[in-house]
Amino acid sequence: MHGECNCGAIRYHLKQAPSGVYMCHCSICRKSTGSGGIAVVIVENEHFQWLSGQDVLCHWRKPAHDWHNYFCSVCGSSMPGENDADRMYIPVGTLSEGVDSLRLCHHFFVDSKAAWEPLSESAIQHKEGFES
């Protein structure tokens, strides 16, 4: 699987296809994307490879919080970033191939979701994070 930002300055490769899509509906993700949240897949670091553009990759961390995002400094597209020490999160919208088999498996922070956004009933709903 391959992906890139909107302008093509940043490109990456996934050596293994992810298993499912996770959708976060928290207010921070809504403000970051300007939509109902962000849909991501999670991959082990060993299965992720930058192909180009790391020099234009920017990072922003919300002050006094553990939330952060990575984006292209040229076009502003959300980009893959560190999920934790062992895994990367990949915004699904940046994948350019191999997405037809992906399915939404979890909704997070559904208690915080926008009132106008319907949820897929086929995915597991969590009131807050994964632990809830």
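Predicted, not measured: the structure shown is a model, and the values here were computed from it.
Rounding to the nearest 0.5 Å places CG of N83 at 9.5 Å from CE of M88. Summarising the geometry, atom SG belonging to C29 is positioned 8.5 Å from atom CZ belonging to F109; distances are rounded to the nearest 0.5 Å. Going from atom OG of S120 over to atom CG of L104 covers 5.0 Å, rounded to the nearest 0.5 Å. With rounding to the nearest 0.5 Å, the separation of NE2 in H13 from CD in E4 is 13.0 Å. Atom CD of residue Q54 and atom CG of residue L51 lie 9.5 Å apart, to the nearest 0.5 angstrom. Note that the CE atom of M79 and the SG atom of C58 stand 11.5 Å from one another [nearest 0.5 Å].
By the neighbour-count criterion of 12 heavy atoms within 6.0 Å, atom CD of E46 is densely surrounded, having more than that number from other residues, nucleotides or ligands. Within 6.0 Å of atom CG in N6, 12 or fewer heavy atoms from other residues, nucleotides or ligands are found, so the atom counts as exposed in its surroundings. Atom CZ of R11 is surrounded by 12 or fewer heavy atoms from other residues, nucleotides or ligands within 6.0 Å. The environment of NZ in K15 is crowded: more than 12 heavy-atom neighbours from other residues, nucleotides or ligands sit within 6.0 Å.
The two residues S112 and C26 come nearest to each other via the heavy atoms OG-CA, 3.8 Å. Contact record, V41 with G20: CG1-O, 3.4 Å, taken as the closest heavy-atom pair. For the residue pair M1 and A17, the shortest heavy atom distance occurs at SD-CA, 3.8 Å. A pairwise comparison of heavy atoms in P80 and P91 identifies N-CD, 3.7 Å as the closest pair. A123 and H106 make their closest contact through CB-N, 3.9 Å (heavy atoms, listed as atom of the first residue, atom of the second, distance). The shortest non-hydrogen separation linking I42 to P18 is O-CB, 4.2 Å.
Using a 30° and 60° split on the angle between ring planes, Y70 and Y89 fall in the tilted class, from 30° to 60°.
In this structure, the side chains of V110 and L119 come closer than 4.5 Å at one or more pairs of heavy atoms. Residues L14 and H47 fail the side-chain proximity criterion, which asks for heavy atoms closer than 4.5 Å. Within the 4.5 Å cutoff, no side-chain heavy atoms of R61 are placed close to those of N69. In this structure, S77 and C7 have side chains that are not in contact, with every pair of non-hydrogen atoms separated by 4.5 Å or more. Residues H59 and H68 are in side-chain contact: their nearest non-hydrogen atoms beyond the backbone lie under 4.5 Å apart. In this structure, W50 and L57 have side chains that are in contact, with non-hydrogen atoms separated by less than 4.5 Å. Residues E44 and D86 have side chains in contact (heavy-atom distance under 4.5 Å, counting atoms from C-beta outward).
A side-chain donor-acceptor contact under 3.5 Å links N45 to the backbone of A85. Counting only distance, with no hydrogens or angles, the side chain of S78 and the backbone of F71 share no donor-acceptor pair below 3.5 Å. In terms of modelled atom types and a separation under 3.5 Å, the side chain of S73 and the main chain of V56 share a donor-acceptor contact. The main-chain N or O of I28 is never found under 3.5 Å from a side-chain atom of S32 such that the two would form a donor-acceptor pair.
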>> Is there a side chain to side chain donor-acceptor pair (under 3.5 Å) between H107 and H126? Walk through the geometry before answering.
In response: CA-CA 6 Å; H107 288 285; H126 305 268; over 6 Å; no
>> Go through it in stages, so that I can follow the logic: the residues are Y22 and I38, the test is side chain to side chain contact (heavy atoms under 4.5 Å, CB included), and I'd like the CA-CA distance, side-chain angles, deciding distance and then a yes or no.
In response: CA-CA 8 Å; Y22 302 86; I38 189 166; over 6 Å; no
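Here Y12 pairs with T94 under the side chain to side chain donor-acceptor pair (under 3.5 Å) rule; sequence neighbours left out.
Under the side chain to side chain donor-acceptor pair (under 3.5 Å) test applied with H25, the options R30, E117, K113 reduce to a single match, E117.
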